[in-house]
2 protein chains.
Amino acid sequence: MLMKKNYTIKDIAELAGVSKGTVDRVIHKRGKVSSKALEQVNKVLDQIEYKPNPIAKSLKNNKVYNIAILLPDADNDPYWLPCYDAIKQIENEFSHFGIKIKKGIFNPQSTESFTKSAEIILAEKPDAILMVPLFYKEAKDFAKNCVDANIKMATFNNYIKDQKIDLQIGQDLFQSGRVAAKLFNMLLGTKASLAILHIDEAFQNASHMQEKELGFKTYYLQKELDYDISVYNLKKEAKIPFKKTIDHFLKSITPVDGLFVTTSKAYLLANCMTESFSKPLIIGYDLVAENIDHLAHDKIAFLIHQDPKKQVYLSLTKLIEYFLFGKPLQESLSLPIDIINSENYPQYLK
Amino acid sequence: MLMKKNYTIKDIAELAGVSKGTVDRVIHKRGKVSSKALEQVNKVLDQIEYKPNPIAKSLKNNKVYNIAILLPDADNDPYWLPCYDAIKQIENEFSHFGIKIKKGIFNPQSTESFTKSAEIILAEKPDAILMVPLFYKEAKDFAKNCVDANIKMATFNNYIKDQKIDLQIGQDLFQSGRVAAKLFNMLLGTKASLAILHIDEAFQNASHMQEKELGFKTYYLQKELDYDISVYNLKKEAKIPFKKTIDHFLKSITPVDGLFVTTSKAYLLANCMTESFSKPLIIGYDLVAENIDHLAHDKIAFLIHQDPKKQVYLSLTKLIEYFLFGKPLQESLSLPIDIINSENYPQYLK
DNA sequence: TTGTACGCGTTATCAC
DNA sequence: GTGATAACGCGTACAA
């Protein structure tokens, strides 16, 4: 094994005493090579390690790769805002590599909106589609259509089971429920009463919330702790302000030591905490502005950061590396479950 | 402003009615261009946005960039182990971009070892040096020498002040002390007694530990909490096992509610915790194997993750992007202060 | 079955 | 001053 670093096709051709074309035919198994030449080239290839130069490859191959992203509108829910930053960043970084990104934006409260955007995107036949599978059934069907149309399929934020997806990036939601449970356990000791709150505009996040709930409950069961846990669904009613619904709810329940909010809406709860109420500890999700404000003022104890920006950035990077450099796509990747308190949030915000 | 995306020099030449060479001279300000041609080219450049193609650039420019890394031996302290993974990963990813990495390994307990490695590295005049400035004075002097020799200088893990460094990546240590303080505050309430432990083989980490201590104390002062805080330095004595020193220490102090270990040596403490002792809460630093073991068994409450792997990976990436694509180097960058408990550590370990 | 020549975009050199 | 041309490494079309 020689030690020189990067061999080119030209190098190999010289070493084997044949021409570049022959080497190329051997490497790409195009045939039309005499057994003698084949042997000579293979002999060289065995001794050295040949890796094609990805730079030269992508310079030559000035194909445009179209990647589409199906994601929710950020006006409806600021949780999605960082995703748009990630897209912009990727566009800047990879515009010269022939990467084009097209956004398909849908209303997170409307299944029809999702389906419609999905159809528009699919009609343009991009090379890959990255989507947030908020609506499970629709997303799964759509994923199947894409796979059939030979479009690479990736998801973030949620997972899809029972359907082959090329790349799935997100957080282990069950485990994040356990993380919250552990935090309460440390803060409250061996005995306490807790409430799990699924607060959402609509219930499109149902499976999302349930996985968290399950992880949360499982923790206490496994540790055999004397925790009393009740579960509530709070949904925005047609003409009633959300605040009113929550206020009413808080007055109606028997006081608890801790509240676990499985969505990014913990701030709605914190908003309603008055002096009169017994001030339970709140653990919620996501670094949206209003949550951070309450975290900084100790009205929220902890937030779990799902880092949607990183999810998008990573997903796109993986897809791009697949197209440009032929790196394999891992099927699924779980990102860290970041625990955030009033002292460490700033570094997560850039 | 036209809408076509990436203009090449050839495009510009055609639009301006001159040759590629002339356009090149205008763009690179090499002179030798008639005022008429200059005007024509500038007119085109004003209307479109020209960004040179970094791929073609680096294909042509097949220069090798040598980057040297001065970092501690991982045998002495497993904390550094992940850094070596990061280096390997970078080598794989960028070998085709002409990036060569050379390691200069030193003993973290020996100033001479550092100086010697530094000299060897400097003698080879790499394009950039990334180092861990464990020994402040020596590192600062060395940094000055590098800057004078026109070598790009980067640091990770610790910061250097009063000396211009091109890139500094690390964690805000003062703030990480505050994070630990906040965690104790949440676990222990408004009144408690704590001990800060600086446990180290030697004291090369002095400034490191002191910044954490300062942040920790500052938190309680600012919040005006009734916390009693004592500080201890525990150092490995020549012929006495560290365990014995720590055991003795634990028996000698008045019991406290919490122990804050400012180094990665919290496991040494946890090892000595017996049933008889009152079991104070321990918060320490770093995901080394022994710490994680205690974390998983609830002998350590929290660990703060400094992510040395990410620090190295990011530092090297920034340097490489500077060389290959001319991206500017930010002077300093603070990474997130990750809070780790028994439920979320696995995702941080890959 | 082979070798050669061309083009991708940039840069540097060399005639004109 | 200027424009044509070679070179970086790869893939491929085409000629031998």
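Below, chains carry the letters A, B, ... as their sequence lines are ordered, and counting in each starts from 1.
Judged by distance alone, with hydrogens and angles left aside, B:Arg25 brings a side-chain donor or acceptor within reach of the base of D:dG3, the pair sitting under 3.5 Å.
Here the P atom of nucleotide D:dG9 and the CG atom of A:Leu59 are 12 Å apart, to the nearest Å. The CG-P distance, from B:Leu38 to D:dT2, rounds to 9 Å in whole Å. Between B:Phe97 atom CZ and D:dG9 atom C1' the separation is 13 Å, expressed in whole Å. Between A:Lys60 atom NZ and D:dA7 atom P there is a gap of 18 Å when expressed in whole angstrom units. Separating the CG atom of A:Asn6 from the P atom of D:dG9 is a distance of 9 Å, rounded to the nearest angstrom. Distance A:Lys32 NZ to D:dA13 P: 11 Å, rounded to the nearest Å. Between B:Lys57 atom NZ and D:dA7 atom C1' there is a gap of 17 Å when expressed in whole angstrom units. Atoms CD1 (B:Ile9) and C1' (D:dG3) sit 14 Å apart, rounded to a whole Å.
Both B:Lys20 and B:Ser34 sit near DNA chain D, but only B:Ser34 has its closest nucleotide nearer the 5' end. Residues B:Ala37 and B:His96 each lie close to DNA chain D; by heavy-atom proximity, the contact nearer the 5' end of the strand is made by B:Ala37.
Atom CG of residue B:Asp127 and atom NZ of residue B:Lys100 lie 11.5 Å apart, to the nearest 0.5 angstrom.
For the residue pair A:Asp338/B:Tyr348, the side-chain donor-acceptor check at 3.5 Å is satisfied. A donor and an acceptor atom, one from each side chain of B:Gln168 and B:Thr155, are located under 3.5 Å apart. In this structure, a donor-acceptor pair under 3.5 Å is absent between the side chains of A:Asp307 and A:Tyr313. Side-chain atoms of B:Tyr159 and B:Asp172 form no donor-acceptor pair, as typed in the model, at a separation below 3.5 Å.
Comparing the start and finish of the helix from C:dT1-D:dA16 to C:dC16-D:dG1, five pairs each, the helix axis swings through 70°, to the nearest 10 degrees.
Across B:Phe114, B:Phe106, B:Phe156, a single residue satisfies side chain to side chain contact (heavy atoms under 4.5 Å, CB included) together with B:Met131, and that is B:Phe114.
Between B:Phe323 and B:Tyr65, the angle of the ring planes stays under 30°, which puts this pair in the parallel group of the 30/60° scheme.
Protein chain A contacts DNA chain C over a range whose 5' and 3' limits, counting nucleotides with an atom under 4.0 angstrom from a non-hydrogen atom, are C:dT1 to C:dG9.
Between B:Ser19 and the phosphate of D:dG3, there is a side-chain N or O to OP1/OP2 separation shorter than 4.0 Å.
Within 6.0 Å of atom NZ in B:Lys36, 12 or fewer heavy atoms from other residues, nucleotides or ligands are found, so the atom counts as exposed in its surroundings. Few gaps surround NZ on B:Lys63; more than 12 heavy atoms of other groups in view lie less than 6.0 Å from it.
Within the nucleic acid shown, A:Asp24 comes within 4.0 Å of at least one base atom, counting heavy atoms only.
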